[in-house]
Enquirer: 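Can you read through this structure? Questions will come right after.
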Amino acid sequence: MLMATASPHICLPLLTGQSPGPNFRSKSRQVRCSEERQALFNRIAPVYDNLNDLLSLGQHRIWKRMAVSWSGAKLGDHVLDVCCGSGDLAFLLSDKVGNNGKVVGLDFSKEQLTIASSRQNSKSKACYRNIKWVEGSAVDLPFPESYFDAVTIGYGLRNVIDKRRALEEVYRVLKPGSRVSVLDFNKSVNPFVTSIQELMIDYVVVPVANSYGLANEYIYLKDSIKEFLTGEELEKLALEVGFTAAKHYKIGGGLMGNLVSTR
Ligand SMILES: C/C(=C\Cc1cc(O)c2ccccc2c1O)CCC[C@H](C)CCC[C@H](C)CCCC(C)C
Ligand SMILES: C[S@@+](CC[C@H](N)C(=O)[O-])C[C@H]1O[C@@H](n2cnc3c(N)ncnc32)[C@H](O)[C@@H]1O
């Protein structure tokens, strides 16, 4: 299926005449982090879907259906799935918008998009022909202003370094009155939930990932949750960016969360 490359590179090596200093280091660190995350998701692409099913006992598919429902996507809509990965939410959006609708799945990982495209080709549903995969950056969306009827970000915002910029871009490409639905792990303020989350990652997720040679990749997962924003902070950021409404719903017993914001 069509794979357009929206922008050639997200993380070019930082070429600058700047003398090294705090700003240079912080920028080079940022470029390096972004490159590392891109490489991480390229590496885990072959086993990503199976590990999600195994480690969440298939529950992640329920959470993704909830996220797509909250997006408000409906028949005939033109919708975007940012950080689409292997395409789980894009396929759910495709069912929602139907043959006359259009779905764009955007990701900066070539390997994830390759999996998404091959899954699309192996599925028999006619509506899946309405999906286009685009290689691009969540912080520089290659789409015009007020272009989409709904946007989803499934387990992506937490992985984007500049989260504010990503939400600003989503705001820009959304039609007024339309929604973004952001599904991710919940950075809980409840110590009990946090400890359950961390225990399951430490004693189940990482050991299982280790058997695939991916322990470090899933240790990153735990660290990324620690560095994420709480539901309240996500609501505040969405309103600061300009969304007129923002609500963060706790799901999966508080282990996961879904921000719904309206432009
Ligand atoms: C679909 C899920 C996670 C996607 C995901 C997101 C990331 O940012 C990653 C970063 C690095 C490596 C992998 C990922 C990644 O897979 C959520 C479900 C899959 C999780 C890996 C499983 C998490 C287990 C929960 C803490 C507890 C699940 C309880 C369930 C009711 C059994
Ligand atoms: C955990 S996966 C989520 C995939 C899919 N949405 C799902 O729910 O399974 C995170 C995805 O975000 C992508 N990603 C992370 N940072 C990105 C960025 N700045 N621009 C575009 N994609 C990014 C990764 O390549 C990866 O495919």
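One-based numbering, in listed order, for ligands and for the atoms of each.
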Enquirer: Show which atoms of ligand 2 fall inside a sub-4.0 Å distance from at least one heavy-atom site of Leu89.
Expert: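 With Leu89 as reference, the close atoms of ligand 2 come out as 8 (O).
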Enquirer: Among all protein heavy atoms in this structure, tell me which lies nearest to atom 27 (C) of ligand 1, with the distance rounded to 0.1 Å.
Expert: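 So the nearest neighbour among protein heavy atoms is Met200 SD, 3.7 Å.
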Enquirer: Just jot down the ligand 2 atoms closer than 4.0 angstrom to any heavy atom of Ser137, in number order.
Expert: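 Atoms satisfying the 4.0 Å criterion: 20 (N).
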Enquirer: Geometry only, no angles: is His60 polar-contacting ligand 1 at N/O separations under 3.5 Å?
Expert: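 N/O-N/O distance under 3.5 Å: no.
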Enquirer: Please work out, at 4.0 Å between heavy atoms, whether the side chain, the backbone, both, or neither of Phe41 comes within that distance of ligand 2.
Expert: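 The answer is the side chain.
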Enquirer: Please say whether Val82 places an N or O atom under 3.5 Å from an N or O atom belonging to ligand 2.
Expert: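 In this structure, Val82 places no N or O atom under 3.5 Å from an N or O of ligand 2.
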Enquirer: At under 4.0 Å between heavy atoms, which part of Ile44 makes contact with ligand 1: side chain, backbone, both or neither?
Expert: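 Just the side chain.
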Enquirer: Only heavy atoms count here, so choose which of Leu221, Val47, Asn159, Asp53 is nearest to atom 21 (C) of ligand 1.
Expert: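 It is Leu221 whose heavy atom sits nearest to atom 21 (C) of ligand 1.
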Enquirer: When you look for heavy atoms under 4.0 Å from ligand 2, do you find them on the side chain of Ser86, its backbone, both, or neither?
Expert: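 Neither; nothing of Ser86 gets under 4.0 Å from ligand 2.
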Enquirer: Could you tell me whether some N/O pair between Arg158 and ligand 1 is separated by less than 3.5 angstrom?
Expert: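 Min N/O separation from ligand 1 is below 3.5 Å for Arg158.
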Enquirer: Out of Asp223, Leu55, Ile196, indicate the one that has the non-hydrogen atom closest to atom 28 (C) of ligand 1.
Expert: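 It is Leu55 whose heavy atom sits nearest to atom 28 (C) of ligand 1.
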Enquirer: Relative to atom 14 (C) of ligand 1, which among Tyr48, Phe228, Trp63 owns the nearest non-hydrogen atom?
Expert: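 Answer by nearest heavy atom: Tyr48.
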Enquirer: Is Gln112 reaching over with its side chain to a backbone N or O of Asp107, donor-acceptor style, under 3.5 angstrom?
Expert: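 Here the side-chain-to-backbone pair does not exist.
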Enquirer: Could you work out, for atom 1 (C) of ligand 2, the closest of Tyr155, Trp63, Phe108 by heavy-atom distance?
Expert: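 Answer by nearest heavy atom: Tyr155.
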